[in-house]
Undergrad: 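Input: one structure, supplied below.
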Protein chains: 2
Amino acid sequence: MSKPINDGTYWREFEKNDITHSAAHYLMAIDALRESLGYARVTDVAEMLEVSRGAASMAISQLKKRGWVSEDPNRFLLLTEEGKQMAHLVEHNFRILSKFFEEVLGVGKDVAMSDACKMEHLMSLETGQRLVWLMRYILSDEERAAQVHQNMKSFQEGCEELPNACPLCETPDDCLASPAGSDTQQQAPEKSSKKK
Amino acid sequence: MSKPINDGTYWREFEKNDITHSAAHYLMAIDALRESLGYARVTDVAEMLEVSRGAASMAISQLKKRGWVSEDPNRFLLLTEEGKQMAHLVEHNFRILSKFFEEVLGVGKDVAMSDACKMEHLMSLETGQRLVWLMRYILSDEERAAQVHQNMKSFQEGCEELPNACPLCETPDDCLASPAGSDTQQQAPEKSSKKK
DNA sequence: ATCCTTTGTGTATCGGCCTAAACATCACCC
DNA sequence: GGGTGATGTTTAGGCCGATACACAAAGGAT
């Protein structure tokens, strides 16, 4: 029933992701510093991210190797075109996700931002764009937005209070709305050689 | 404008996450094996995840230390209550996300599953539940679902073709719908020669 | 010229996650 | 007994990302 997750096709894509969570934040820090201060040095980045200068130095030297960061003649840090694109993509994803969680789903700000920050570098461009499209659809019509918000306000757990059949559950014990799955899970394999 | 991402409050929560991507898949593999075979051994897990037996052995010994995995008297692997909960939460998140991406956003199955798999262990319980709630709202009414699908079918990039003001953009140069944010650039990072 | 602070880098170490390879068990079979 | 194969663990690596600590270079202040 739950094979596709573990069939060896998808689960390693996590590590193959284009960019690392921390790398994304180094890029975004450089970008933000150049916007606010006008320049960015290793020390500034380290300070902003609250890591040691050593850590920042090592991380940034990796980013240089990957072609995302370079230096100007005076050794100030620069983002390459590609680096800027990565930084902006991740920042963009963060804004989309946190806005979606907070303003559509009604999640509290802290959780919304925490979740968004964890996922920002993992969402594909296409999914992000489509999510924007959905949000725009929902939020562009006041009445529609109000209806969605009304629905989310009555958020509870479980399926029971929904009179008509829940469209999400293919089988009764496979309810997406109840977190634990919670079936009793059959017990031990009864000793002896079941294999062979 | 883009400070909150990097203010040192959120960005480290990624590493503080309860569970690692690979750890989640070890748990889910044990769970799935016990469901399909009725038992799970180190070798079975290694095979399912396509890792070496050594890797599986080491990973599982960590999971035992964390109290998520135990053994029955015959050394078959068991999930503890807590382990089951983690496994089910992540599996659950995967199903929610992939279904949302595919059936609401209209993302292709491959991208939907890949994105879902990357994010499954990072989404909080609350966000997941609320996402289910939203999906149920959208999909429970046929007409509403059809309208959303119709909207997603006309998915494109950019803001221009929407006559009324886009509710997502606070400032014109901060359009959530154009991936590159403010600057002149716009497409995804490298990965395939799509430009230049 | 010398001191001292700032800045950047290098080294050692750690944990996560993998491989390959050696090793230890054990069960079974003749 | 002595093979043989399957199973699990350990060890030695490698890569990555983080830390702490020490060191090097540059520049201003005296």
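All chains are named by letter (A, B, ...) in the order of the sequence lines, taking the proteins before the strands, and each is independently numbered beginning at 1.
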Undergrad: Can you tell me the distance, in whole Å, between the CD1 atom of B/Ile60 and the C1' atom of D/dT7?
TA: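 B/Ile60 atom CD1 is separated from D/dT7 atom C1' by 12 Å.
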Undergrad: May I have the distance from A/Leu33 (atom CG) to C/dT7 (atom C1'), rounded to whole angstrom?
TA: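 After rounding, the gap between these two atoms is 15 Å.
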Undergrad: For each nucleotide in nucleotides 19-26 of chain C, reading 5' to 3', give B when a protein heavy atom comes within less than 4.0 Å of its base, S when such contact involves only the sugar-phosphate, and - otherwise.
TA: B-------
Undergrad: Taking only the side-chain nitrogens and oxygens of B/Tyr39, find out if one of them lies under 4.0 Å from OP1 or OP2 of D/dT7.
TA: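 Checking B/Tyr39 against D/dT7: no side-chain N or O falls below 4.0 Å of OP1 or OP2.
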Undergrad: Could you state the CG-P distance from B/Asn74 to C/dA27, rounded to the nearest angstrom?
TA: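 Checked: the CG to P distance equals 11 Å.
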Undergrad: Report yes if a side-chain nitrogen or oxygen of B/Ser61 is closer than 4.0 Å to either non-bridging phosphate oxygen (OP1 or OP2) of D/dT9; otherwise report no.
TA: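 Checking B/Ser61 against D/dT9: no side-chain N or O falls below 4.0 Å of OP1 or OP2.
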Undergrad: As a quick check of understanding, evaluate side chain to side chain contact (heavy atoms under 4.5 Å, CB included) for B/Ser154 and B/Gln150, giving each step before the final call.
TA: CA-CA 7 Å; B/Ser154 67; B/Gln150 185 55 41; 5.6 Å; no
Undergrad: Let me spell it out: for each of A/Arg41 and B/Ser22, pick the nucleotide of DNA chain C with the closest heavy atom. Which residue's pick is nearer the 5' end?
TA: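 Result: A/Arg41.
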Undergrad: When you look at CE of B/Met58, are more than 12 heavy atoms from neighbouring residues, nucleotides or ligands closer to it than 6.0 Å?
TA: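 Open.
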Undergrad: Taking only residues at least two apart or on different chains, which pairs with a member in residues 101-128 of chain B satisfy ring-ring contact (aromatic ring centres under 6.0 Å, His included)?
TA: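 Matches after skipping sequence neighbours: A/Phe14-B/His121, B/His21-B/His121.
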Undergrad: Starting from C1' on C/dT7, measure out to CG on A/Asp44 and report it in whole angstrom.
TA: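 The distance from CG of A/Asp44 to C1' of C/dT7 comes to 10 Å, rounded to the nearest Å.
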Undergrad: Please report, rounded to the nearest Å, how far the P atom of D/dT7 is from the CG atom of B/Leu37.
TA: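 Between P of D/dT7 and CG of B/Leu37: 12 Å.
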Undergrad: Applying salt bridge (charged side-chain N to carboxylate O under 4.0 Å, His left out), which residue pairs with at least one partner in residues 21-30 of chain B are found, sequence neighbours left out?
TA: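 Qualifying pairs: none.
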Undergrad: Starting from P on D/dG17, measure out to CH2 on B/Trp11 and report it in whole angstrom.
TA: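 In whole Å, D/dG17 P and B/Trp11 CH2 are 11 Å from each other.
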Undergrad: OP1 or OP2 of C/dG10 less than 4.0 angstrom from a side-chain nitrogen or oxygen of A/Ser57, does that happen here?
TA: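 Indeed not, no polar side-chain atom of A/Ser57 lies that close.
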Undergrad: Give every residue pair that meets the salt bridge (charged side-chain N to carboxylate O under 4.0 Å, His left out) criterion with at least one member in residues 55-68 of chain B, sequence neighbours excluded.
TA: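 For residues 55-68 of chain B, and leaving out neighbouring residues, the salt bridge (charged side-chain N to carboxylate O under 4.0 Å, His left out) pairs sorted by first residue read B/Lys64-B/Glu71.
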Undergrad: Who pairs with B/Lys109 by side chain to side chain contact (heavy atoms under 4.5 Å, CB included), at least two apart in sequence or on another chain?
TA: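 By the side chain to side chain contact (heavy atoms under 4.5 Å, CB included) rule, B/Lys109 matches B/Glu102, B/Met113.
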Undergrad: For A/Thr20, enumerate each residue passing the side chain to side chain contact (heavy atoms under 4.5 Å, CB included) test, keeping only those at least two apart in sequence or located in another chain.
TA: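 A/Thr20 satisfies side chain to side chain contact (heavy atoms under 4.5 Å, CB included) with A/Ser22, A/Ala23 only.
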Undergrad: Write down the distance between NE2 (A/His121) and P (D/dC16), rounded to a whole number of angstrom.
TA: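 Nearest whole value for this atom pair: 16 Å.
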Undergrad: Using whole Å, report how far CG of A/Leu77 lies from P of C/dG8.
TA: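 About 7 Å, once rounded to whole Å.
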